[in-house]
There are 2 protein chains.
Amino acid sequence: MGTGLDLRRNQLFQGLNGCDLADLLSRARQKSIAKGSAFFHEQEQAAHCHLLTGGQIKLTQNSVEGGQLVVRFLGAGEVFGWAMVLGTTHYPGTAEAVTDSVALVWEAETMREAMLAHPTLALNALELVGGRLHEAQERLLELATERVERRIARAVLRLMAQAGRPAAKGVEVAFPLSRQDLADAVGATLHTVSRILASWEQRGVLGGGRQRLVVLLPDWLEALVDDRAIGQL
Amino acid sequence: MGTGLDLRRNQLFQGLNGCDLADLLSRARQKSIAKGSAFFHEQEQAAHCHLLTGGQIKLTQNSVEGGQLVVRFLGAGEVFGWAMVLGTTHYPGTAEAVTDSVALVWEAETMREAMLAHPTLALNALELVGGRLHEAQERLLELATERVERRIARAVLRLMAQAGRPAAKGVEVAFPLSRQDLADAVGATLHTVSRILASWEQRGVLGGGRQRLVVLLPDWLEALVDDRAIGQL
DNA sequence: CGCCGCATTGACGATAATCAAACGACGTGG
DNA sequence: CCACGTCGTTTGATTATCGTCAATGCGGCG
């Protein structure tokens, strides 16, 4: 569709033959969402299944008294909002576009039928969810056992790996994210994050500014994550 | 097999016809593990898929520097240790028996073939993992936004729902668990958990002792979880 | 030009970790 | 059967990490 995204290479569609894929695609609808709006909101009835073909989104969950958690950031090619396919009737989170975004949308029922007809598709989905579960448990371990600074370092490295783009000096995270977002991703407050990032900036580990993040010394962050106390100054 | 566990009712096997189920079962091996030992350890090569038919186990993950997280407690009828089916080559955690336990064990490959042959099975698995993912994300939100006391309350209520057994007075958690286990389940230290449980005991919310837990006032815990500050004394 | 949302910074306080010690129950072996 | 040792638990004192409260600065957008 001219977006440069080859769906045959998508993890979800591996092993599916061309005709079947085309058939499945013909059953999808396209949905465009402007930056700042959402594909769906937490607690809404979940009847669809989404595949992001362009743009970037942020999956969030809200606790009763104001707390927010960024479940994950995602970019083109990733599946999301498929609660119904996974056996949940309501969306567990909100999918907000942080960039103008486009997604393919199927009726959950259509996707389930396709999986029954093409077990490969179901197995691919199983691996996909398996991967997400694995990640979630890794994060749980980190959140339960590590302190804030290291968790932030991990988050930054992940963002770099996922949305990194070489910049004038260092690697820029091509993803508009506020300190608040980062805080919500690691389970900390805006303030703590700001302080820590500021200290990293002083040491020349990081650059950036308003909604931007540029990693200058990834190795330094890796060292911080891989424990050892780092040669301080 | 005389364990009183009806596998036809198992979530994983729903919608599978009797013959196919019998066939699949005939391909399983049985494995017994004594209390204190493990079905498998974190980081081991994962070539199998397990279904607990008797006993109780504890799934744990260890962080580099000593921290431990209890991923989940589970009882008869639950699937576990199927990393390979979910696309991971090594077990992400350890499955330790807290009671003498028995499990059916398949080669991961066998299970994958069965899923290809019976898409229903794959869809059931997908829902199962979907549920686990959902739980994991809920825990992430809690861990990131709530205080220790409330997290403990939640954990206790969950344990009660999962392994509760009416006792002389109140409901006993039929699961041998130490304060340390509970601490590792909520991301706190043994000491903090001990203190909080002690305070609950004083108020008559809880009873129990060494490795035992008896909930006397579940409503009180629910109130604690559902926020509002509770009428103190 | 002025407002609004994002970010920075400081002071303070509290939650929960860490350090430290002792107790009680249970199981084991003498 | 009792003594002993181990493991789980309790409790106290102290500290530190991080959240809360508060105020100000900055940059973009209307």
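This one's a predicted model, so the numbers in the text were calculated from it and none came from an experiment.
- Summarising the geometry, the separation between CZ on A/Arg212 and C1' on C/dT8 is reported as 18 Å, rounded to the nearest angstrom.
- Between A/Ser194 and C/dA7, a side-chain N or O to OP1/OP2 separation shorter than 4.0 Å is absent.
- Considering only residues two or more places apart in sequence or on other chains, B/Val148 meets the side chain to side chain contact (heavy atoms under 4.5 Å, CB included) condition with B/Arg151, B/Ile152, B/Ala188, B/Thr192, B/Ile196.
- Counting to the nearest Å, the P atom of D/dT11 and the CH2 atom of B/Trp200 are 16 Å from each other.
- Atom CG of A/Leu143 is separated from atom P of C/dA17 by 13 Å (rounded to the nearest Å).
- Between B/Phe80 and B/Phe40, the ring planes lie parallel to each other; the angle is under 30°, not in the 30° to 60° tilted range.
- Near DNA chain C, meaning a heavy atom under 4.0 Å away, there are no residues from residues 172-184 of chain B.
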Going 5' to 3' through nucleotides 15-30 of chain D, assign each nucleotide B (protein heavy atom under 4.0 Å from a base atom), S (under 4.0 Å only from sugar-phosphate atoms) or - (no protein heavy atom that close). ---SSBBB--------
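- No option in B/Gln11, B/Gln56, B/Arg72 other than B/Arg72 meets the side chain to side chain donor-acceptor pair (under 3.5 Å) test with B/Glu78.
- As a whole-Å value, the separation of B/Leu190 CG from C/dA22 P is 18 Å.
- Between the side chain of A/Glu42 and the main chain of A/Asn62, a donor-acceptor pair closer than 3.5 Å is present.
- In this structure, B/Arg154 and B/Val225 approach most closely via the heavy-atom pair NH1-CG1, 3.5 Å.
- The CD atom of B/Glu65 sits 15 Å away from the C1' atom of C/dT18 (whole-angstrom rounding).
- Between the CD atom of A/Gln211 and the C1' atom of C/dC4 there is a distance of 13 Å, given to the nearest Å.
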